[in-house]
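I have placed the structure first, in the form of structure tokens, so that the comments after it can refer back to it.
None of these values were measured; they are calculated from a predicted model.
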Amino acid sequence: MTTLIADKLPALALLDNERQVCLETFYGDTPVTLDNHIAFTITPSQDVIVGVRLRFGTYCRQNHCHINIEMANSQQRFSAQDLVDNEYYEFVFPEPVAVIANQPLTVKIYSDDVDENNMVALWCTQTIPARVPLFPAINLPKVDNPQVTIVLPVFNQAEHSLNCLLSIAACDPEITKQVIMINNGSTDVTSDLLASLPDGVDIIQNPDNYGFLVACRQAGGLVQGEYMLLLHQHTQLLSGCLQHLIEMASSDAMVGAVGSKILYPDGHLFSAGGIVFNNGSYCHYGHMQDPTLPTFSQSRETDYCPDVSLLIKTGLWHHLGGFDERYVPMGYQDVDLCFGLRQAGYAVMYCPQSQVIYDAESDATISPEQAQMSRAHFVAKWDTMLDEQQVSAETPIDEAAKRLNQRAYEQRREQEISRYAEVENVHDLPDIFHYWSNKYLLPMQQTLGFNNANAFFCQYMQQVCEQFPDQICRFVSIGAGNCDLEVTVVEMLRQKGVNNFLMECLDINPHMLERGTQLIHSKQLQDHMKVTCADINAWQTEQHYHIVMASQSLHHFVELELLFNKIYDVLHPQGYFLTDDMVGRNGHMRWDEALALFNPLWTELPEHYKYNHLLKRVELEYENWDCSVDSFEGIRAQDILPLLMDKFGFDLFLGYGNIIDVLIDRCFGHNFDVNNPQDLAFIDKAHSVDQAAIEAGDIKPTHMIAALTRDKNRTPRTFKHLTPEFCVRPV
């Protein structure tokens, strides 16, 4: 058995053709007995070895055992009887041994005939570690016209700076980056770190610690990117951090700055945006709470975001003059900057999809005196805006957060109303969708007794009307929009001879409900239908409904818990809550496991199939776009099914679709031709991959059709084994 001695080297010298030493180690200080096969790794500097020089310990006696030396397929055997204790001895090989210069070479040395009276030791020395660069290579090449410039002031604690840089290099490689590091007079090995960095990092050297605020101001003149990311050295960027910040910042010209979800290393939340009180004090929203809670997982406008990780449009940074120097060395500069943006009419947004780890305990802090002075400067500068904050320092945080969320909700609400003010057909889908649904979705639906969502709604409505023939059964549609689907269902009921019902269409958008009213009157259905314009958050009713329906509307709601509580309360004990909706990832994104299946399919498609008709762009690489960043679209889609399972029982459940959605929806579906056999074959292939993965549980459905009741003990009818429990994605 051979033992590799990794931490020692023999006191050995290799001899070249001239019998000169071509490799020598230090004088040995540790004896290793040759009663076993030992091996060392050395690196010769020549191509030919004619012998070795070794130093032995003989225990001050003559030994009659032998020394065996093996290297490069050569084996030599020598007598140990002439060895002198602690002296070097040269072993000359009968034939030169060919080796490869500068390549590692294993040398084995042993004695195969030792006993207690014939024992030899080889003197060895501790291995001298090979010299490696002080810091690993960091891949941050110099680029022209970078998308983002990362401003990173540092002071000592080089290990934090290194980890931050490594995360920057690894984060979102498709985003082109410029990094500006400002060394605030560090006295540790930070200078060595900076000296090892590539050309893609611009460096400013300060003789003293000028602080974060001044350092960021110094960097302003070097910024080349359209966006600036202000970053603390004690952070590490997680995957997608930059991409999501830039997507949100570019989604609206009036978004001025975007902040990340900031996590402590132990997983607790440091900040989900900030709340500023009318006395000028502030707090980090969600501090030390569970970052996965829904209230911290919604993008929204906020009072400010910490400059721990804050993206601002470069032009606005220059327009505002950067951080205000009255807060030097630091304190309130980020709150002040965000107030400046808000005063100029720009929104400061919190982006929960962008996440960073922040070791706050290692970061610099300011004295109470400095904090008090900074706050005084802030109050004096922004007294008018502070009067409008509406919450005092005595306001409970949850209540203050409601105010903050309400402002964001109202903004989204107005956007939603405006967006659909002129949209007359919200259900229009590409032809390829109908090819897929007729071939694959229809058979699933037929196993459960209906042919489409309209027939599903009609089936249950007819059932309750027949169950209560002497009553006027009450139906309400949540998020009815233009009421066209509701009109279709009502016409189907009347064709079946069902007339003992009244359908109420509820929506927040008066423009859409006006079109719905016109449609109802044109069809002469006003005896069976009425419209109600109301925000579900403020909706109050004493009425009980035999049917509550929600068709493609649940994924537009923020306050799902409130909505489901209200539906539960107004639902008749023997009634049904019917829904046809999206239950995939928020913003209709794909989870990583779905992308792993989808991306190979995307690479097969020619470029002209990759034109996004909604966003007006070609996506050579599929962009996992979050469409909830500036609207209610898919705002909490991933929470719908778990919350329904917690509140209701299921009478029927059909879960379907995932990666196929991308190919057949309004974005890319128009690129496929239902008269092209190759296009149909590709859709067939994509569906096969999709459905197999869903049934295996590898990915979860993004759509559902479900009939729910207040009875949680129901056993639902399902397609195959795809129960709600099977289809919900674990957190």
Side-chain angles (χ1 to χ4, degrees), residues 427 429 432-463 485 489 492 547-555 576-585 588 590-591 593-594 597-598 637-665 680 683-709 711-730:
H427 303 290
L429 288 166
I432 198 67
F433 170 85
H434 299 292
Y435 164 79
W436 169 82
S437 64
N438 288 330
K439 185 171 183 178
Y440 297 110
L441 179 58
L442 177 59
M444 298 183 204
Q445 295 170 330
Q446 288 176 330
T447 65
L448 298 176
F450 56 91
N451 291 334
N452 53 51
N454 291 348
F456 160 74
F457 291 126
C458 182
Q459 180 186 94
Y460 274 91
M461 290 177 181
Q462 181 179 0
Q463 178 179 321
L485 182 147
V489 173
M492 292 172 66
I547 296 287
V548 178
M549 66 178 284
S551 177
Q552 299 301 317
S553 61
L554 298 181
H555 63 267
Y576 295 94
F577 174 25
L578 310 177
T579 181
D580 166 27
D581 224 302
M582 307 283 290
V583 290
R585 188 178 180 183
H588 305 326
R590 305 297 122 181
W591 295 103
E593 60 270 20
L597 294 173
F598 177 77
Q638 67 199 43
D639 299 323
I640 293 173
L641 183 54
L643 289 174
L644 288 177
M645 291 171 60
D646 184 61
K647 190 72 178 177
F648 297 93
F650 286 80
D651 185 71
L652 178 148
F653 178 82
L654 172 62
Y656 63 92
N658 188 314
I659 63 175
I660 193 66
D661 298 354
V662 181
L663 303 171
I664 61 177
D665 73 357
L680 301 185
I683 294 299
D684 292 342
K685 175 182 176 180
H687 171 81
S688 178
V689 171
D690 197 28
Q691 190 63 25
I694 290 173
E695 293 188 15
D698 297 333
I699 59 177
K700 300 301 181 179
T702 55
H703 300 261
M704 72 167 181
I705 294 176
L708 303 104
T709 77
D711 179 6
K712 296 191 68 173
N713 295 318
R714 294 279 182 99
T715 299
R717 294 178 290 145
T718 65
F719 176 73
K720 295 186 176 180
H721 58 283
L722 303 184
T723 63
E725 293 75 15
F726 183 86
C727 292
V728 71
R729 185 180 187 273

State, with a plain yes or no, whether a side-chain heavy atom of Tyr656 is found less than 4.5 Å away from one of Leu441.
yes
List the steps and the verdict of side-chain contact (heavy atoms from CB on, under 4.5 Å) for Leu578 and Phe456.
CA-CA 9 Å; Leu578 310 177; Phe456 160 74; 3.9 Å; yes
Using a 3.5 Å distance criterion without hydrogens, assess whether the side chain of Asn438 forms a donor-acceptor pair with backbone atoms of His434.
yes
Stepwise, does the side-chain contact (heavy atoms from CB on, under 4.5 Å) test hold for Leu680 with Ile432?
CA-CA 8 Å; Leu680 301 185; Ile432 198 67; 3.8 Å; yes
Side chain Gln459, main chain Gly449, donor-acceptor under 3.5 Å:
yes
Counting N and O atoms only, with roles assigned by atom type, does the side chain of Arg585 sit under 3.5 Å from a partner on the main chain of Arg590, one being a donor and the other an acceptor?
yes
Let's go through Tyr460 and Ile547 carefully: what are the C-alpha distance in whole Å and the side-chain angles of both, what is the deciding distance for side-chain contact (heavy atoms from CB on, under 4.5 Å) to 0.1 Å, and is it a yes or a no?
CA-CA 8 Å; Tyr460 274 91; Ile547 296 287; 4.3 Å; yes
Sub-4.5 Å side-chain heavy-atom contact between Tyr435 and Ile683:
yes
What closest approach, in Å, do Leu485 and Ser551 show between heavy atoms, and which atom pair accounts for it?
CD1-OG, 3.3 Å
How long is the straight-line distance from CG of Leu654 back to CG of Leu722, given to the nearest 0.5 Å?
8.0 Å
Here the pair of heavy atoms bringing Ile659 nearest to Leu597 is CD1-CB, 4.2 Å
To the closest 0.5 Å, what do you measure between CD1 (Ile694) and NE2 (His687)?
8.0 Å
Those residues at least two apart in sequence (or on a different chain) that pass side chain to side chain donor-acceptor pair (under 3.5 Å) with Asp665 are none
If you measure from OG1 on Thr709 to CG on Leu652, what distance do you get to the nearest 0.5 Å?
11.5 Å
Nearest-0.5 Å distance, NZ of residue Lys439 to CG of residue Leu442:
13.0 Å
Note, Ile640 side chain near His555 side chain (heavy atom, < 4.5 Å):
yes
Scanning both residues in full, the closest heavy-atom pair of Ala453 with Asp580 reads CB-OD2, 3.4 Å
Any residue meeting side chain to side chain donor-acceptor pair (under 3.5 Å) with Lys712, in chain and number order, not counting sequence neighbours:
none
Between Ile660 and Ala686, which heavy-atom pair has the shortest distance, and what is it?
CD1-CB, 3.8 Å
Main-chain N/O of Lys685 paired with Ser688 side-chain donor or acceptor, under 3.5 Å
no
Under the salt bridge (Lys or Arg N to Asp or Glu O under 4.0 Å) test, residues paired with Asp639 that sit two or more places apart
Arg636
Set of residues satisfying side-chain contact (heavy atoms from CB on, under 4.5 Å) with respect to Ala455, sequence neighbours excluded:
Phe450, Asn452, Met492
Derivation of the side-chain contact (heavy atoms from CB on, under 4.5 Å) call for Leu708 and Thr579
CA-CA 8 Å; Leu708 303 104; Thr579 181; 4.0 Å; yes
Would you list the pairs meeting salt bridge (charged side-chain N to carboxylate O under 4.0 Å, His left out) in which at least one residue belongs to residues 445-459, sequence neighbours left out?
none
With no hydrogens and no angle check, do the side chains of Tyr576 and Gln463 hold a donor and an acceptor under 3.5 Å apart?
yes
Glu695: partners by side-chain contact (heavy atoms from CB on, under 4.5 Å), with sequence neighbours left out
Gln691, Phe719, Lys720, His721
Quick one: does Ser553's side chain have a donor or acceptor within less than 3.5 Å of a partner on Ala550's backbone?
no
Side-chain donor-acceptor pairs under 3.5 Å in residues 696-705, sequence neighbours left out?
unit_1	atom_1	unit_2	atom_2	d
Lys700	NZ	Phe726	O	2.6
Thr702	OG1	Gly657	O	2.9
Thr702	OG1	Asp661	OD2	2.5
His703	NE2	Asp661	OD1	3.1
His703	NE2	Asp661	OD2	3.0

Go through the structure and list residues passing side chain to side chain donor-acceptor pair (under 3.5 Å) with Tyr440, not counting sequence neighbours.
Asp684
Holding to side chain to side chain donor-acceptor pair (under 3.5 Å), I want the full list of residues that pass it with Glu593, two or more places apart in sequence or in another chain.
Arg729
I need the full list of salt bridge (charged side-chain N to carboxylate O under 4.0 Å, His left out) pairs touching residues 643-654, with sequence neighbours left out, sorted by first then second residue.
Asp651-Arg714
By ring-ring contact (aromatic ring centres under 6.0 Å, His included) - contacts of Phe653 (at least two apart)
Phe650
